[in-house]
Amino acid sequence: MFAVKKIRADFPILTQQINNQPLVYLDSAATSQKPQSVIAATELFYTQQNANVHRGRHSLSEQATTAYEKARDKVAQYFNVQSREIVWTKGATEALNLIACGLTEQLDKNSSIVITPLEHHANIVPWQQLALKTGAKLHILPLEADATFNMSACIEFLKQVKPTVLALTHASNALGNITNLSPLLSTVKGFNTITVVDGAQGAMHLQPDLNILDCDFYVFSAHKMLGPTGVGGLYGKYERLNALQPYQTGGEMIETVSLFNSTFRDAPAKFEAGTPNIAGVIGFSAALDYLFALDKNAAYDYEQGLFNYAVNKLNDIDGITIYSNLEHNIGTICFNYKDEHPFDIATLLDGFGVAVRSGHHCTQPLMTHLGINGSVRASFCFYNTHQDIDIFINALHECIALLD
Amino acid sequence: MFAVKKIRADFPILTQQINNQPLVYLDSAATSQKPQSVIAATELFYTQQNANVHRGRHSLSEQATTAYEKARDKVAQYFNVQSREIVWTKGATEALNLIACGLTEQLDKNSSIVITPLEHHANIVPWQQLALKTGAKLHILPLEADATFNMSACIEFLKQVKPTVLALTHASNALGNITNLSPLLSTVKGFNTITVVDGAQGAMHLQPDLNILDCDFYVFSAHKMLGPTGVGGLYGKYERLNALQPYQTGGEMIETVSLFNSTFRDAPAKFEAGTPNIAGVIGFSAALDYLFALDKNAAYDYEQGLFNYAVNKLNDIDGITIYSNLEHNIGTICFNYKDEHPFDIATLLDGFGVAVRSGHHCTQPLMTHLGINGSVRASFCFYNTHQDIDIFINALHECIALLD
Amino acid sequence: MNKTFKELADTLNNSPAWQQKYREIMLLGKQLPTMPDVLKTPDALVPGCESKVWLYLEFDLQENCLVIIGDSDTRIVKGLLALILSLYNGLTPSQVLAINAFEEFEKLGLISHLSPSRGNGIKAIVERIQAMAEQKSL
Amino acid sequence: MNKTFKELADTLNNSPAWQQKYREIMLLGKQLPTMPDVLKTPDALVPGCESKVWLYLEFDLQENCLVIIGDSDTRIVKGLLALILSLYNGLTPSQVLAINAFEEFEKLGLISHLSPSRGNGIKAIVERIQAMAEQKSL
Ligand SMILES: Cc1ncc(COP(=O)(O)O)c(C=O)c1O
Ligand SMILES: Cc1ncc(COP(=O)(O)O)c(C=O)c1O
């Protein structure tokens, strides 16, 4: 049994009232809520430790630096990789930009970049820009009409293209679909392909062992993993990582600077110019502690239970179309009701205290692929309850009554 | 009279003990301490409002977005500019990188970039990179041996070079020297020069009216203005700002995305890809409220008083060399004792609870210019007291006794 | 202020339950004449909204008043558009500038729709109308 | 563990005031033989330290032990280097690997000098020594 009541007590926001009704937060794919320990760690930092890191020879600075670097060790532990393979950024978007920009000199007009129609804009536009800059060709993995993988067709495609870069999501933020990464990654193993996995959605729900997964890069956002906003990062296999050109330049990433010339440090330092989000990283450290203490298997099973419960209830409603893959899903349902606009549904659901997301979910190409303009998305986390889903479904019935 | 006792009560960290002695924090140039209201605003956000911004049609998201955009309005008000001219970044370093990268297409081998030997690495290396990429020529404003401006020589230099870009600091982080910007900015007025001011140190102490200052860009870091880490931004005159190429790409900065092509929004949105540091921005909003409520003139005079008091006491010590300009200074003293290593002095001062910075302060070219390897830096803020300085000076005497 | 808007506002204020209020808003939207397709140009599309929102603004020189035509693919935004149109349509520039849409929406308990969220078109619409009025009153 | 280190540690631990401790450390530094300039190559410079720190590591095949020579332009780091040298110098790779410098520094109340701050060379030095020992013990 998963003790959700105890878990919920750790998340102060969950007792909020929206429109005089209890908050039912079904938008964790956009950002997760934060446990008290994360909030307290941030507060503690500012009230007792605040100082800049990696400079200064005073105690506050040493303490802050130690706490900051310990967080890096924890991320490395979480993903089962080395600390020096972790770079801090402000989020998954910056991490993907850092990788794409850093590859500029490694690509040319004979290169090819393969992405999928499932990707978040953050895992599309940086590659388009890289293709523009280098002349590389952008290819799209041919998915089924419902955006699932025909694995043998995809493998065939990869064998033909032999991509220089393969960038794909661990789980779709719009649909919740989990990508079966292993066969795709092993297909390109022999082609010296640089493999990039967008873990913004997968990092918390699926906690990959990156040593086993064996991709070259994996990006994540702390704010989707119970952590603060403004923090994220990337894992990069050290050789691949250090081979990237520096991204931002400035203090702390340099080795020497003269007025006309500079030399840079090795990774990870060379990618961390300027004062980082110190409080954010230290808050994220507390989030990782929370995740370490959690029974992840139980949480995963519980989330799957919530997902199935909601899917069944939705399927009982006439006129609902679900776009998500129901077999392999992190707990996110993407749906529409007849041809009602998702905006109207989300707005009315909010009246009942139910927070869902509507729109294209930063996945316009996926919406086009599915032949829709947008959808409603309800995304679950282990702090949600079956009662949340009951309230959501009841509210949805009332919305439908208002619309019909 | 400036009520420093009352002010200090607002900054919880100032009661910390270091090595069993009261903390004397003289490293505000590295990062300022945070008032309780900033810490509380962050906490409140996570316990009551946390949601992603600019997406989702639910109340939490609308509230978070409103608070987030209100912070932008406040920054605009602080600098007397328009809200749409403010872009959020993770700090001054990112802001300078954003500007330098965004200018790539506007520069070529006939272009010239002028910086000064005073600059922080963050205002040097991005310009070196831009020069490398575009073939533009980097020039250095010819300062005096003590790093002060011979204004007529500088004006002459600018008239000859007619720079495409002029980037210079509002105040030096290593020396505290305040740049007399107006004559320099008005000299290049006729040359269509793009003027960039690094306000990392100036933004809080000098609160410039950017409408009057009339530079094209001005960058700042929240963490040096009583705000959280991981937030900063830039002001850009709207036409100039919107003419920059987009920097990072991904969600929220796009207008439309198809698999092979994307279009971008107008500024500021086009420079804000991905989930921003929402809690950080909202915390910064509280910091701005604090600065609005402060009697800035009294605070400035008080800081100047601290500075002069400390300078006099230091000058009484045999063997101390001060490198800072004592006339125009934000309250930062850069000094050495004989040829003792700054590292040793800072380490020993820490034993007495006194936090100063030692080293090159991310200004290696300035150190070279001054003919030193590094220095000790004591930087003041309005929450420091004359007693802090007494403790600092006493501790310094004891350090000297240990070293001599 | 436009008479129709007053009436609409009264109807809304007499709908105590929020469900009723939204029902009224959606009804308003239904009554809004559909915008001719020729007017639905890319220029008329308010950028960056989650829903599609078109706004056609014209200045009637003879009458010295604004002509506003709008449409949306969502029911609620269309209803809110109808409200805004009734608030502004046919007013002179200086009359337009005298109106504080934020206050009006606040009174109706609909202020959240004027939030600065980029996905939300209503604020952009009000700003476009205000900008046009400012320009014409120079 | 090296005998000399024990003695040094005792001296430090008998210095109750931190001022006295640092005085002892700086004295240790003074006693450290200066490093020959030919050994102060760019390779020997530990990168990214606030102070200049040189470290020359050699493996004496005949004796199966590490030879460590170091220098720094600061007094305190030089003293800490002397401590480290006395801790590791002349040990076999497996002896080196058996030593936990963190624990030793912790006992001496000097752990802050092993913080991961990039400006601080001591941690990098310990790591270089450990890495060399690991390589040689394969
Ligand atoms: C799959 C995926 N990739 C990338 C991102 C971008 O993350 P962030 O906005 O935190 O940078 C997101 C979040 O929206 C996402 O869900
Ligand atoms: C003058 C100056 N410019 C730029 C920076 C870089 O600021 P940040 O590290 O917050 O990005 C600093 C801070 O160290 C500074 O003092």
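Quantities reported herein were computed from a predicted structural model and do not represent experimental measurements.
Residue L259(B) touches chain A through both its backbone and its side chain, counting heavy-atom pairs closer than 4.5 Å. If you measure heavy-atom distances from Q49(B) to chain A, the contacts under 4.5 Å come from the backbone alone. Neither the backbone nor the side chain of T104(B) comes within contact range of chain A; no heavy atom of the residue lies under 4.5 Å from a heavy atom of that chain. In this structure, chain A has no heavy atom under 4.5 Å from any part of F11(B). Proximity to chain A involves both the backbone and the side chain of P228(B), based on heavy atoms less than 4.5 angstrom apart. Contact of I18(B) with chain A is made through the side chain alone, with heavy-atom distances under 4.5 Å. Within the 4.5 angstrom heavy-atom criterion, only side-chain atoms of L23(B), from C-beta onward, approach chain A. Residue contact with chain B, scored on non-hydrogen atoms closer than 4.5 Å, involves the backbone and the side chain of I278(A) alike. Both the backbone and the side chain of E43(B) come within contact range of chain A, judged by heavy atoms closer than 4.5 Å. Neither the backbone nor the side chain of S61(B) comes within contact range of chain A; no heavy atoms are under 4.5 Å apart. For N97(B), the part sitting under 4.5 Å from any heavy atom of chain A is the side chain, from C-beta outward, and nothing else.
Contact annotation: the side chain of H121(A) never approaches that of E252(B) to less than 4.5 Å [non-hydrogen atoms, C-beta and beyond]. Using a 4.5 Å heavy-atom cutoff, the side chains of L60(B) and Y25(A) are in contact. Inter-residue side-chain proximity for N52(B) and H223(A) is flagged as met; some heavy-atom pair is nearer than 4.5 Å.
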* To do: Start with the C-alpha distance between N50(A) and Q33(B), add both sets of side-chain angles, then the distance that settles side-chain hydrogen bond (donor to acceptor under 3.5 Å, both in side chains), and finish with yes or no.
  => CA-CA 7 Å; N50(A) 178 62; Q33(B) 296 303 343; 2.8 Å; yes
* Asked: Going through the distances and angles, do I13(A) and T47(B) end up as a side chain to side chain contact (heavy atoms under 4.5 Å, CB included)?
  -> CA-CA 5 Å; I13(A) 204 173; T47(B) 52; 5.7 Å; no
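Contact tally against chain A (heavy-atom pairs below 4.5 Å) for A30(B), A131(B), S28(B), S221(B): the top residue is A30(B). Among G91(A), G251(A), G232(A), G353(A), the residue with the largest count of heavy-atom pairs under 4.5 Å with chain B is G251(A). Among T15(B), T31(B), V38(B), the residue with the largest count of heavy-atom pairs under 4.5 Å with chain A is T31(B). Of the listed residues N123(A), I140(A), V356(A), the one with more heavy-atom pairs under 4.5 angstrom with chain B than any other is I140(A). Of the residues considered (V125(A), I115(A), I124(A), T249(A)), T249(A) shows the highest number of contacts with chain B, using heavy-atom pairs under 4.5 Å. Per-residue heavy-atom pair counts under 4.5 Å with chain B were compared for T368(A), L98(A), T256(A), T42(A), and the maximum is reached by T256(A). Contact count against chain A (heavy-atom pairs under 4.5 Å) is highest for P126(B) among S32(B), C362(B), S358(B), P126(B). Looking only at heavy-atom pairs under 4.5 Å with chain B, the residue among V231(A), V281(A), L138(A) that has the most is L138(A). Heavy-atom pairs under 4.5 Å with chain B were tallied for V354(A), N19(A), T275(A); the largest tally goes to T275(A).
Taken from NE2 in H58(B) to CG in D27(A), the straight-line distance is 3.5 Å, to the nearest 0.5 Å. Atom NZ of residue K90(B) and atom CH2 of residue W88(A) lie 12.0 Å apart, to the nearest 0.5 angstrom. Atom-to-atom distance recorded for Q129(A):CD and Q245(B):CD is 9.0 Å, nearest 0.5 angstrom.
Between the T229(A) side chain and the A279(B) main chain, a donor and an acceptor come within less than 3.5 Å of each other. A donor-acceptor contact shorter than 3.5 Å is absent between the side chain of Q364(B) and the backbone of S258(A).
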Solution key, residues 341-352 of chain A side-chain donor-acceptor pairs under 3.5 Å, sequence neighbours excluded:
residue : atom : partner : partner atom : Å
H341(A) : ND1  : F343(A) : N            : 3.0
H341(A) : NE2  : D73(C)  : OD1          : 3.4
H341(A) : NE2  : D73(C)  : OD2          : 3.3
D344(A) : OD1  : R75(C)  : N            : 3.3
D344(A) : OD1  : I76(C)  : N            : 2.9
D344(A) : OD2  : R75(C)  : N            : 2.7
T347(A) : OG1  : F343(A) : O            : 2.6
T347(A) : OG1  : R57(B)  : NE           : 3.1
D350(A) : OD1  : S59(B)  : N            : 2.8
D350(A) : OD1  : S59(B)  : OG           : 3.0
D350(A) : OD2  : S59(B)  : N            : 3.4
D350(A) : OD2  : S59(B)  : OG           : 2.6

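A side-chain N or O of Q128(A) and one of S262(B) form a donor-acceptor pair less than 3.5 Å apart. Side-chain contact of Y247(B) with Q248(A): a donor-acceptor pair under 3.5 Å is present, judged by distance alone.
Under a cut-off of 6.0 angstrom, the local environment of CG in D10(B) is crowded, with over 12 non-hydrogen atoms contributed by other residues, nucleotides or ligands. In this structure, E105(B) places its CD atom where only 12 or fewer heavy-atom neighbours from other residues, nucleotides or ligands lie under 6.0 Å away.
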